[in-house]
Amino acid sequence: MLATDKISAAFRAIVEESEKGLSQSAPEAMQEHLKTIISIARHQSDIRSAAPGSCTAEKDT
């Protein structure tokens, strides 16, 4: 397994564990922190599991 695959899998695990915390009755402040963690981890996982050259953003010329 490539290092990027391992990192992507780790971020998916972070999302799973954070979602478990949301499903429990956590204080409001903790829920907001968990939502932030989930958002960041999903983004990082998506970036690392994207196929090379799949970015559709315009490149600076």
Side-chain angles (χ1 to χ4, degrees):
M1 181 181 280
L2 296 173
T4 53
D5 294 336
K6 290 178 183 179
I7 294 170
S8 183
F11 279 117
R12 284 192 302 271
I14 290 169
V15 170
E16 290 175 13
E17 292 302 314
S18 297
E19 287 175 339
K20 287 178 188 177
L22 280 178
S23 67
Q24 300 172 0
S25 57
E28 184 66 31
M30 180 168 292
Q31 289 182 12
E32 289 304 314
H33 293 306
L34 289 172
K35 288 177 186 177
T36 301
I37 291 168
I38 290 168
S39 176
I40 293 168
R42 281 185 179 154
H43 177 73
Q44 292 297 317
S45 178
D46 290 347
I47 289 171
R48 281 161 177 71
S49 61
S54 66
C55 179
T56 57
E58 293 184 34
K59 297 180 180 177
D60 294 335
T61 55

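These figures come from a predicted structure and were not determined experimentally.
Screening Glu16, Glu19, Glu17 for a side chain to side chain contact (heavy atoms under 4.5 Å, CB included) with Ile38, the sole residue that qualifies is Glu19.
Note: the hydrophobic cluster containing Met30 does not contain Ile40 (ILVMFWY, side chain heavy atoms under 4.5 Å, direct or indirect links).
Nearest heavy atom pair, residue Leu34 against residue Leu22, reads CD1-N, 3.8 Å.
Atoms CD and OG, on Gln31 and Ser23 in that order, are 10.0 Å from each other to the nearest 0.5 Å.
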